[in-house]
Amino acid sequence: MVDVDTFPGSAWHYELMELALTSAGAFAGEEGRHVRALHSLFARAPERAQRAGLTLPDPGRVNSLIAAGAGACAILALFGGPAGYLVSRGGGGQYMASVVLPGAAEEVTASGDSLALALIGALALALGQADPAAGMLPEPYTTDRVTLN
């Protein structure tokens with residue numbers, strides 16, 4: 001069965017892209033809200049997303065990490081297996097994160113006022129751009145291909 005809530009243009013996909021955009025412009029003090037939002041969106045993601053190197057940590061653990069000021073650890077808890085990330089911090093204090101999901105042609109990069117916000121932006125973009133053919137998200141539809149001569 002096809003999960004239409006994950007297609008580009010769906011509410012889930014729109015919320016994911018909105019989260020990536022707002023994370024880029026958020027202040028470090030707002031990261032807890034963004035961490036919770038990504039966790040909530042990922043909890044609604046298709047089952048295949050969890051087989052693509054991402055795992056859903058327990059909400060209690062996420063809330064504990066946020067309360068301890070460890071928002072980046074809460075986001076890193078999503079990564080496992082073949083999903084990859086790279087983080088850096090510029091001299092001006094801006095953080096950058098790159099995320100690559102299995103089957104992706106290239107990594108996705110985002111920046112943020114904190115490490116957690118940069119990771120949220122990159123991961124949200126990567127999930128939003130995931131290739132259904134790579135097994136990350138279900139196929140949006142099937143159609144017969146027509147060849148024009």
Side-chain angles (χ1 to χ4, degrees), residues 1-140:
M1 180 168 182
V2 175
D3 183 358
V4 295
D5 290 335
T6 61
F7 303 154
S10 71
W12 183 82
H13 189 266
Y14 175 81
E15 288 178 54
L16 205 56
M17 295 298 96
E18 184 71 18
L19 180 61
L21 180 63
T22 59
S23 293
F27 295 106
E30 302 171 284
E31 76 179 31
R33 182 171 55 90
H34 291 265
V35 169
R36 286 184 186 95
L38 181 63
H39 186 270
S40 174
L41 279 168
F42 190 70
R44 296 187 337 225
E47 189 175 318
R48 289 183 187 182
Q50 295 179 1
R51 291 197 311 257
L54 299 171
T55 59
L56 184 64
D58 177 71
R61 178 177 179 212
V62 171
N63 287 327
S64 295
L65 288 168
I66 292 169
C73 291
I75 298 302
L76 291 173
L78 289 165
F79 287 89
Y85 63 90
L86 176 71
V87 295
S88 65
R89 181 179 175 272
Q94 189 74 358
Y95 291 86
M96 292 188 68
S98 295
V99 170
V100 63
L101 298 177
E106 57 188 32
E107 74 275 357
V108 178
T109 302
S111 63
D113 202 35
S114 72
L115 180 55
L117 290 169
L119 282 164
I120 290 166
L123 186 53
L125 288 171
L127 284 168
Q129 296 175 8
D131 180 7
M136 182 62 193
L137 298 175
E139 293 285 346

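Judged as a salt bridge (charged side-chain N to carboxylate O under 4.0 Å, His left out), and not counting sequence neighbours, the contacts of R33 are E30.
The ring-ring contact (aromatic ring centres under 6.0 Å, His included) pairs that include a residue from residues 82-109 are F79-Y85, where partners are two or more places apart or lie in different chains.
Put simply, the side chain of L115 does not reach to within 4.5 Å of the side chain of R89, judged on heavy atoms. Under the 4.5 Å side-chain criterion, counting only non-hydrogen atoms from C-beta, L56 is in contact with H39. Two residues are said to be in side-chain contact when any heavy atoms from C-beta on lie closer than 4.5 Å; L86 and E107 fail this criterion. Within the 4.5 Å cutoff, side-chain heavy atoms of L125 are placed close to those of M17. When side chains are defined from C-beta on, L38 counts as touching L78, because their heavy atoms get closer than 4.5 Å. Inter-residue side-chain proximity for L127 and L54 is flagged as met; some heavy-atom pair is nearer than 4.5 Å.
Of all the heavy atoms in A74 and P57, the pair that sits closest is O-CG, 4.4 Å. Taking all atoms of both residues into account, the shortest heavy-atom contact from G71 to A116 is C-CB, 3.7 Å. The nearest pair of heavy atoms linking A110 to A122 is CB-N, 3.3 Å. Taking every heavy atom of both residues into account, S23 and H34 meet most closely at OG-ND1, 3.2 Å. Of all non-hydrogen atoms in D113 and A28, the two that sit nearest each other are OD2-N, 3.0 Å. The heavy-atom pair separating G121 from A20 by the smallest distance is O-CB, 3.8 Å.
The distance from atom OG of S111 to atom CG of L117, rounded to the nearest 0.5 Å, is 10.0 Å. Within the model, atoms CG of L19 and CD1 of I120 stand 6.0 Å from one another, a figure rounded to the nearest 0.5 Å. From L16, atom CG reaches atom CG of L21 across 12.0 Å, with rounding to the nearest 0.5 Å.
Between the T55 side chain and the A77 main chain, a donor and an acceptor come within less than 3.5 Å of each other.
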Q) Going through the checks in order, is the side chain to side chain contact (heavy atoms under 4.5 Å, CB included) test met by R36 and N63? A) CA-CA 8 Å; R36 286 184 186 95; N63 287 327; 3.0 Å; yes
